[in-house]
Undergrad: 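Quick one: the structure is below, questions incoming.
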Amino acid sequence: MRAARLIKLVLLLQSRPSMTGGELARHLEVSERTVARDVLALSEAGVPVYADRGRTGGYRLVGGYRTRLTGLGRTEAEVLFLSGVPSALREMGLADAASAARLKVSAALLPELRDAPSSAAQRFHLDAPGWWQPAEPPALLPMIADAVWDDRRLTARYRRKDTGTDAERELEPYGLVLKAGVWYLAARAGDDFRVYRVDRFTAAAVGEERFRRMDDFDLPAFWEERAAGFARSILRDRVELRLTPEGVRRLPHVTDPAAAREAVGAAPPPDGQGRVTVTLPVESLDVAYEQLLALGPEAELLGPPPLRERFARAAARSAALYR
C-alpha cells in the first residue's frame with residue numbers, strides 16, 4: 001500500500017508545478033505528517049522532491065524530473081474512454097481505476113497541456129440517468145461488469161417480467177449498455193444474442209472459464225438494432241388524430257418521437273383550418289389515453305370509437321370543473 005502511495009505522490013507532483021502538504025494529504029487520504037514522511041522516503045531514494053517553507057510553500061519536483069511510472073494498465077486504458085460518465089464508472093466499481101488512469105495521463109502531459117483535464121471537465125459533463133430515476137444501481141452490476149471485462153461465463157437467475165418467476169441462465173456477457181438510467185446486458189445464450197435488464201438479475205456467479213468472443217460482434221450496432229426493434233415491437237395499436245399546428249409540434253414530446261415524426265410525415269395536407277389528420281402507432285389504447293390527454297385541445301381523437309368516447313368523457317369532466 002505504501003509503495004502505491006509513493007508512486008501516486010510522485011505522479012501528483014509531476015502533473016502540477018507544486019502542491020501543499022494539505023493538498024497531497026487530501027488526494028492520498030492520509031495525514032500531512034504521513035505526507036512529510038513519504039517525501040523524506042522519496043528523497044532518500046533519489047527522487048528530487050523539494051519542500052518550500054512558509055505559508056505559500058509546498059512540495060515540488062526539482063529540475064524537470066520525470067518518472068517513467070506512467071504506463072497505463074489494461075483496465076485503466078479501457079476505463080479512460082468512459083471517464084466522461086463518472087456515475088457509470090462508480091456503479092460498475094471502476095472509479096478508482098479511472099482516477100489512476102487520469103492521473104497517469106496528466107503526469108505524462110507536457111507542462112503547457114496539464115490544464116487540459118480540468119479544462120475539459122469544466123466544459124463538458126454527461127449526466128446519463130434520466131430525471132426522477134432511482135439513484136441506487138443494481139446490486140449485481142459490479143459483478144456482472146467484472147464478467148464483461150474478463151470475458152468470463154456467467155451463471156445467473158433472471159426474473160421474467162411476464163410471469164414474475166426466476167429462470168436459470170448460462171450466459172456469455174458481451175457488453176453493458178446504460179440507457180436513460182437503466183443498465184442492460186447484451187449476452188449470448190446458446191446461439192442467440194439477447195438483451196437483459198440488469199436489475200432483473202436476482203443472483204449471479206462468475207465462472208472461472210473464459211469464453212471466446214465473436215470477432216465481428218459490434219456492441220453499438222447490436223444495441224441500435226435491438227433498440228429500434230424493441231421500439232417498433234411495442235407499438236401494437238393505432239389511433240387516428242386531428243392535430244392543430246401546435247399539436248403537431250408537441251406530439252413528439254408526449255409519445256414515441258420516431259413514431260410521431262413518421263405519422264406526421266405520412267399525413268395528407270392540412271385541411272382548411274390548418275389541422276393535420278395522422279394515424280399514430282401506440283403501445284396500447286390505455287397508454288395512448290395517458291399520453292395524448294397532455295395535448296388537450298390541440299388534438300381531437302377520431303378513433304377507434306371506444307377511445308374517442310373515453311376522451312369525450314374526460315373532456316366533459318374537465319369542462320364541468322371550469323364551468
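Scope of the values below: all heavy atoms of this structure, side chains included, with no hydrogens, waters or symmetry mates.
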Undergrad: Quick check: closest heavy atoms across P173 and F211, and the distance to 0.1 Å?
TA: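 Reported closest heavy-atom pair: O-CZ, 3.3 Å.
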Undergrad: Should V177 and V195 be counted in the same cluster of Ile, Leu, Val, Met, Phe, Trp and Tyr side chains packed under 4.5 Å apart?
TA: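 Yes, V177 and V195 fall within the same hydrophobic cluster.
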Undergrad: For residues 283-294, which residue pairs pass the salt bridge (Lys or Arg N to Asp or Glu O under 4.0 Å) check, not counting sequence neighbours?
TA: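 Residue pairs passing salt bridge (Lys or Arg N to Asp or Glu O under 4.0 Å), neighbours aside: D286-R310.
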Undergrad: Can you list the steps and then say if Y158 with L171 is a side chain to side chain contact (heavy atoms under 4.5 Å, CB included)?
TA: CA-CA 11 Å; Y158 187 74; L171 303 174; over 6 Å; no
Undergrad: If you take all heavy atoms of L293 and A314, which pair is closest and at what distance?
TA: CD2-CB, 4.2 Å
Undergrad: Heavy-atom count check: over 12 atoms from other residues, nucleotides or ligands less than 6.0 Å from E224 CD?
TA: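 12 or below, so no.
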Undergrad: Between R157 and E168, does at least one N-O distance fall below 4.0 Å, as a salt bridge requires?
TA: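 No, R157 and E168 are not salt-bridged.
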Undergrad: Do L12 and V30 share a hydrophobic cluster (ILVMFWY, side-chain heavy atoms under 4.5 Å, transitive)?
TA: yes
Undergrad: Evaluate the side chain to side chain contact (heavy atoms under 4.5 Å, CB included) criterion for residues I144 and V206: first the C-alpha distance (whole Å), next the side-chain angles of each, then the deciding distance (0.1 Å), finally the verdict.
TA: CA-CA 8 Å; I144 293 173; V206 179; over 6 Å; no
Undergrad: Verify the cluster assignment for V47 and L6: are they in a single hydrophobic cluster under the rule of side-chain heavy atoms below 4.5 Å apart?
TA: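 Shared cluster, yes.
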Undergrad: Same hydrophobic cluster for V239 and L302, using side-chain heavy-atom links shorter than 4.5 Å among ILVMFWY?
TA: no
Undergrad: Apply ring-ring contact (aromatic ring centres under 6.0 Å, His included) to F217 and F193, showing your working.
TA: CA-CA 10 Å; F217 180 79; F193 281 95; 4.9 Å; yes
Undergrad: Restricting to salt bridge (Lys or Arg N to Asp or Glu O under 4.0 Å), what partner residues turn up for D151, sequence neighbours left out?
TA: R213
Undergrad: Hydrogens and angles aside, do T244 and E298 bring a side-chain donor and acceptor to less than 3.5 Å of each other?
TA: yes
Undergrad: For V248, enumerate each residue passing the side-chain contact (heavy atoms from CB on, under 4.5 Å) test, keeping only those at least two apart in sequence or located in another chain.
TA: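 Partners of V248 by the side-chain contact (heavy atoms from CB on, under 4.5 Å) criterion, ordered by chain and then number, come out as L243, V264, V276.
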Undergrad: Given 3.5 Å as the limit, does a donor-acceptor pair link the side chain of E309 with the main chain of P306, or not?
TA: no
Undergrad: What distance separates K161 NZ from R197 CZ, expressed to the nearest 0.5 Å?
TA: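 Rounded to the nearest 0.5 Å, the NZ-CZ separation comes to 7.5 Å.
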Undergrad: What heavy-atom pair brings Y59 and L13 nearest, and what distance separates the two atoms?
TA: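 Answer, listing the atom of Y59 first, then L13: O-CD2, 3.5 Å.
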Undergrad: Which atom names give the shortest non-hydrogen contact between V278 and A263, and what distance separates them?
TA: CG1-O, 3.9 Å
Undergrad: Of all the heavy-atom pairs spanning L176 and L219, show the shortest one and how long it is.
TA: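 Of all heavy-atom pairs spanning L176 and L219, the closest is O-CD2, 3.9 Å.
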Undergrad: Could you grab the distance from atom CG of L295 to atom CD of E300, nearest 0.5 Å is fine?
TA: 12.5 Å
Undergrad: Atom CZ in F201, atom CE in M143: separation rounded to 0.5 Å?
TA: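 Here the rounded value is 11.5 Å.
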Undergrad: Tell me, yes or no, whether the heavy-atom count around D191 atom CG, taken from other residues, nucleotides or ligands under 6.0 Å, exceeds 12.
TA: no
Undergrad: Does V282 reach the side chain of R238, with side-chain heavy atoms less than 4.5 Å apart?
TA: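 Contact flag for V282/R238 side chains = no.
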Undergrad: With rounding to the nearest 0.5 angstrom, report the CG to CG distance, L251 to L241.
TA: 6.5 Å
Undergrad: Who passes ring pair (Phe, Tyr, Trp, His ring centres under 6.0 Å) against Y184, sequence neighbours left out?
TA: W223
Undergrad: Are any of the side-chain heavy atoms of P281 and D237 separated by less than 4.5 Å?
TA: no
Undergrad: What residues form a side chain to side chain donor-acceptor pair (under 3.5 Å) with R250, not counting sequence neighbours?
TA: none
Undergrad: Does a donor on one side chain and an acceptor on the other come within less than 3.5 Å for D166 and T202?
TA: yes
Undergrad: Let's go through E172 and R153 carefully: what are the C-alpha distance in whole Å and the side-chain angles of both, what is the deciding distance for salt bridge (Lys or Arg N to Asp or Glu O under 4.0 Å) to 0.1 Å, and is it a yes or a no?
TA: CA-CA 5 Å; E172 294 178 357; R153 297 184 187 277; 2.7 Å; yes
Undergrad: Step by step, work out the side chain to side chain contact (heavy atoms under 4.5 Å, CB included) result for E209 and R152.
TA: CA-CA 6 Å; E209 181 184 0; R152 294 189 183 274; over 6 Å; no
Undergrad: Enumerate the residue pairs fulfilling ring-ring contact (aromatic ring centres under 6.0 Å, His included) with a member in residues 237-289, sequence neighbours excluded, ordered by first and then second residue.
TA: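 Residue pairs with at least one partner in residues 237-289: Y289-F311.
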Undergrad: Do E240 and R308 have side chains that get closer than 4.5 Å, going by heavy atoms?
TA: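 Of all side-chain heavy-atom pairs linking R308 with E240, none is under 4.5 Å.
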Undergrad: Quick one: CZ on R200 to OH on Y196, what's the gap to the nearest 0.5 Å?
TA: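 The distance works out to 12.0 Å.
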Undergrad: Do T34 and R5 have side chains that approach each other closer than 4.5 Å (heavy atoms only, starting at C-beta)?
TA: yes
Undergrad: Drop me the distance from L24's CG to K8's NZ, to the nearest 0.5 angstrom.
TA: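 Going from the CG atom of L24 to the NZ atom of K8 covers 10.5 Å.
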Undergrad: Between L280 and A259, what is the shortest heavy-atom contact and its length?
TA: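 Distance-wise, the nearest heavy atoms are CD1-O, 3.9 Å.
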Undergrad: Report the C-alpha separation of L40 and R37 in whole Å, then their side-chain angles, then the decisive distance to 0.1 Å, and conclude whether the side chain to side chain contact (heavy atoms under 4.5 Å, CB included) test is met.
TA: CA-CA 5 Å; L40 180 60; R37 287 198 297 265; 5.6 Å; no
Undergrad: With the 4.5 Å side-chain cut-off for hydrophobic clustering, are L301 and L235 part of the same group?
TA: no
